[in-house]
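By convention in this document, chain letters (A, B, ...) are assigned in the order of the sequence lines, proteins followed by strands, and residues within each chain are numbered from 1.
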There are 2 protein chains.
Amino acid sequence: MKKRINLCLVGFGNAGKAFCQMLNEKNHEVELMTGYEIKVVAIATRSKGCHIDNEGLDLAKVISDVEKNGKFDEKNPKIMNLDTLSLIKESKADVMIELSALSIEDGQPAIGHIETAFSQNMHVITANKGPIAWAYKRLMKEANEKNLQFLYETTVMDGTPIFNLVKYTLPGCRVESFKGILNSTTNFIIEEMEKGNSYDEAIKEAQRRGFAEANPELDVEGWDAAAKTTALVNVLMDAELTPLDIQREGIENIEVKDIEKALKDNKKIKLFCEGYRENGKVYGSVKPTLVDKSDLFATVDATSSVLSITTDLMGEVVILERNPEIQQTAYGIYSDLLTLLNHL
Amino acid sequence: MKKRINLCLVGFGNAGKAFCQMLNEKNHEVELMTGYEIKVVAIATRSKGCHIDNEGLDLAKVISDVEKNGKFDEKNPKIMNLDTLSLIKESKADVMIELSALSIEDGQPAIGHIETAFSQNMHVITANKGPIAWAYKRLMKEANEKNLQFLYETTVMDGTPIFNLVKYTLPGCRVESFKGILNSTTNFIIEEMEKGNSYDEAIKEAQRRGFAEANPELDVEGWDAAAKTTALVNVLMDAELTPLDIQREGIENIEVKDIEKALKDNKKIKLFCEGYRENGKVYGSVKPTLVDKSDLFATVDATSSVLSITTDLMGEVVILERNPEIQQTAYGIYSDLLTLLNHL
């Protein structure tokens, strides 16, 4: 007999939609691979309404309603006015998927969503990096105590394996340090400036192409990169830092003349995220860094990203994601779901 | 109570020595991580003698004997004159580790070693790519039927996760194609020629530095690259090819003027390994290929290597190994051992 797994989604932006699209297409394949039938039984959003149906939502219809009207179908009697925490509880789901917007100041309300899910004995997958940057140790401890799974592969470099790379494929290795280009908005802006555009023009182009928010501060001031750096030091290097502990310098003070000088010297400027150990302590930093044009990191262009991990036993391993689209984010959540099912 | 796992090594060249060194240093850590005590109880070699001791060999002494005298200590009564297959059987080990030299023509005698180990209900780890290039499907079927593990991460890019990357961290993905630079000897030779050395000088320098064999044919004619390409198409793309099925072109016809022309056009020549699907069939090729200097692949220099994997759900993921030493090969075997113990 098929075993059924119910999902509750918190947040239904582009990543949530793309994940549901993938799930809808792959549902039968998931059953064949894992033996589980997957249903989305609840979706909580701030602006599109809330949705609960223990029989499982019609994902194609939900996606099409949101694409047509920007919100769920109000004629549906199963749309209700519940706050998110109540909906998580009401949903009685097996897995909560946290997809709400990043709040860089404190990781809330996502941390609260996750704690509520754990209190209901739900496994959790988060694509929101806030909880990993602000409360990783505490949340993981809670999950372990309740024998629940807590997965977060999507929080750095979308579905590209980073955390799973270290956990499953580099057994026995200690991560000594890492460096990477992890924020695609700033990488894209710097590249636009290399083409001769001003900083303001570059930001406008990034906004037009959908890479930058209306308020681009989180990206250009290095906060997003700092949150990812924190997630990496906390998970891979057993640190207990917050984004406030990261030495952070964004790209907002880079001028066209800096870029021109770099190019003249056969160099490029890249916003580097680094983690390292010094005197037994772990540190993280985000800062614009000059690299030779012939360097691997200089070839990481547009919205691509890269992470180089240096370990004691295996030396340096580098992994890249090239030209990701929203599907790569959806895959990160989908791959966490498969990993979760394989470990039930 | 500690459970004990006995290993039998076939072959004891640089990789075998480095693996034993790592094992000797990490033995206690392995016990803490897995609960197993590991002993090497037998080593078979062609030129250094054979060694069996059910109590477990003194690895430090074995390594030092071989380094001092080029062979095992003949005064040791546990040195015996057994052929390899008999030694595998005599060893009564739990795991056989195949480290003999690659025979590109047919994958023997390594395939025979592995079949003998399976017949004795031993798990197998191979760092020798011959068996994966020539008999992967058959050997894996045999292992599965006997509920034995058969691991081979080291056969492509040393300990860099390739097979485990796809198996453990890209669940649900279908590999559509791959391309990579997988033979470090030819990569090094081309680079020497870019510096202005002739082909013969470049080979001599590679031999002097230990990257090329006395007879460099296997590398420069693309056979080693073809064996790796075969391993990749067989494991990752469910093909059943042999190195003879790979469209193969080596670097032996590349002249200094080709390299100079490429450099003048802002390009580099790299020996590419590719796998792809066409009309439902899987193909593999090895051939010198021009790449732009600004391309990621152009930055893979000296003995570094790279593999780009294109999947249906996750798009393109690229993994690199930078400047490996023999320790990275040792780690590949060690990581397979840990993976094996974690799945016992």
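Few gaps surround NZ on A:K267; more than 12 heavy atoms of other groups in view lie less than 6.0 Å from it. In the displayed structure, B:K293 atom NZ is contacted under 6.0 Å by more than 12 heavy atoms of other residues, nucleotides or ligands. The number of heavy atoms from other shown groups lying within 6.0 Å of NZ (B:K195) is above 12.
For a residue to count as touching a neighbouring chain, one of its non-hydrogen atoms must lie under 4.5 Å from one of that chain's; by this rule B:S335 touches chain A with backbone and side chain alike. Neither the backbone nor the side chain of B:D336 comes within less than 4.5 Å of any heavy atom of chain A. For B:F163, no part lies under 4.5 angstrom from a heavy atom of chain A. Contacts between A:D312 and chain B at a heavy-atom distance below 4.5 Å involve backbone atoms as well as side-chain atoms. When heavy atoms are compared at a cutoff of 4.5 Å, A:D301 does not approach chain B at all.
The candidate with the highest count of non-hydrogen atom pairs below 4.5 Å against chain B, out of A:G332, A:P324, A:C173, is A:C173. Note on A:T160, A:V317, A:T299, A:V318: by heavy-atom pairs under 4.5 Å with chain B, the leading option is A:V318. Per-residue heavy-atom pair counts under 4.5 Å with chain B were compared for A:L338, A:L313, A:I319, A:V306, and the maximum is reached by A:L313. Most heavy-atom pairs under 4.5 Å with chain A: of the set B:M33, B:E316, B:M314, B:Q328, this distinction falls to B:M314. Among B:P161, B:S308, B:P171, the residue making the largest number of heavy-atom pairs under 4.5 Å with chain A is B:P171. Chain B forms more heavy-atom pairs under 4.5 Å with one residue of A:V300, A:N164, A:T169, A:T339 than with any other, namely A:T169. Of the listed residues (A:D158, A:L165, A:L170), the greatest number of heavy-atom pairs within a distance under 4.5 Å of chain B belongs to A:L170.
In this structure the side chain of A:I132 never reaches within 4.5 angstrom of the side chain of A:V156, judged on heavy atoms. Residues A:T310 and A:Y276 have side chains not in contact (no heavy-atom distance under 4.5 Å, counting atoms from C-beta outward). Here the side chains of A:T34 and A:N342 are in contact, with some heavy-atom distance below 4.5 Å.
Note on ring orientation: taking the six-membered ring where Trp is involved, the planes of A:Y136 and A:Y152 are perpendicular (angle over 60°, cut-offs 30° and 60°).
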Can you give me every donor-acceptor pair (side chain of residues 17-30 of chain B, partner residue at least two apart or in another chain, under 3.5 Å) with its distance?
unit_1	atom_1	unit_2	atom_2	d
B:K26	NZ	B:E29	OE1	3.4
B:N27	ND2	B:I38	O	3.4

